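Below is one structure, written out as structure tokens; the observations come after it.
A quick note: this is a predicted structure, and the numbers were derived from the prediction, not measured. Heavy-atom basis, side chains included; hydrogens, waters and symmetry copies ignored.
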Amino acid sequence: MTVWVVMIMSVVVGAVLQCLLPGFAWLGQVKFPILLSIVLYYALHWNVGLTLSAALVAGFFQDSLSPIPAGYSAFCFIALGWLVNRWRDLVQTESLVTPLLFGSTGAMAATVAMYVFLNHGDLVECPFWRLILMTVGSGLLGAVTAPVVFGLNGLCDRMVGNIEEQ
């Protein structure tokens, strides 16, 4: 039960932080991918059910707090969460390289997927150079954000007894 409480609290705090932290113009106005990093944390550390639940809740918050139509972020988060969860036995989840790599590539993949969905629905007009800038920017921010989010979520899980001290 405490796993679910920590997950919900993590997503709520992550949503607030993601809204409050500014985007950088020189990175294409992308924001820190805090909610995506939370989904990736659960994908690498917990079962697929909790991963998909975290992805759905995080996607709901991201879509609710941004001009993105409902369901777009949730779909991207669910797809990425499921895919990463399938690979979790093949990587060292406690290594610093893991959140760097998955945070960066996950943020870039989510940016491109979101662009494809929004562009297909004629909901965004964005020149290709801006997409490249946003993709690189989200990758850089994902590499910075994911290790911090993984560390804080791991700390919370250890504090409440969800995982054992190492």
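- Residues Val13 and Leu35 share a hydrophobic cluster, clusters being chains of Ile/Leu/Val/Met/Phe/Trp/Tyr side chains in contact below 4.5 Å.
- Partners of Asp157 by side-chain hydrogen bond (donor to acceptor under 3.5 Å, both in side chains), not counting sequence neighbours, listed by chain and number: Tyr41, Trp46, Asn162.
- The shortest non-hydrogen separation linking Leu133 to Trp26 is CD1-O, 3.4 Å.
- Thr145 is linked by a side-chain hydrogen bond (donor to acceptor under 3.5 Å, both in side chains) to nothing, counting only residues two or more places apart in sequence or in another chain.
- With rounding to the nearest 0.5 angstrom, the OG1 atom of Thr98 is 11.5 Å from the CG atom of Leu40.
- Here Leu101 is tied to no hydrophobic group at all, with no ILVMFWY side chain closer than 4.5 Å.
- The distance from the CD atom of Gln62 to the CE atom of Met114 is 6.0 Å, given to the nearest 0.5 Å.
- Within 6.0 Å of the CZ atom in Phe60, the count of heavy atoms belonging to other residues, nucleotides or ligands does not exceed 12.
- Identified under the ring-ring contact (aromatic ring centres under 6.0 Å, His included) test for residues 123-144, with sequence neighbours left out: none.
- At distances below 3.5 Å, at least one donor-acceptor pair connects side-chain atoms of Ser138 with backbone N or O atoms of Met134.
- Under the side chain to side chain contact (heavy atoms under 4.5 Å, CB included) criterion, Phe75 pairs with Phe117, not counting sequence neighbours.
- Scanning for side chain to side chain contact (heavy atoms under 4.5 Å, CB included) contacts around Ala146 gives Ser37, Pro99, Phe150, with sequence neighbours left out.
- With hydrophobic clusters built from ILVMFWY side chains whose heavy atoms lie under 4.5 angstrom apart, Val144 does not share a cluster with Ile34.
- Nearest heavy atoms, Leu96 versus Pro147: CD1-CB, 4.0 Å.
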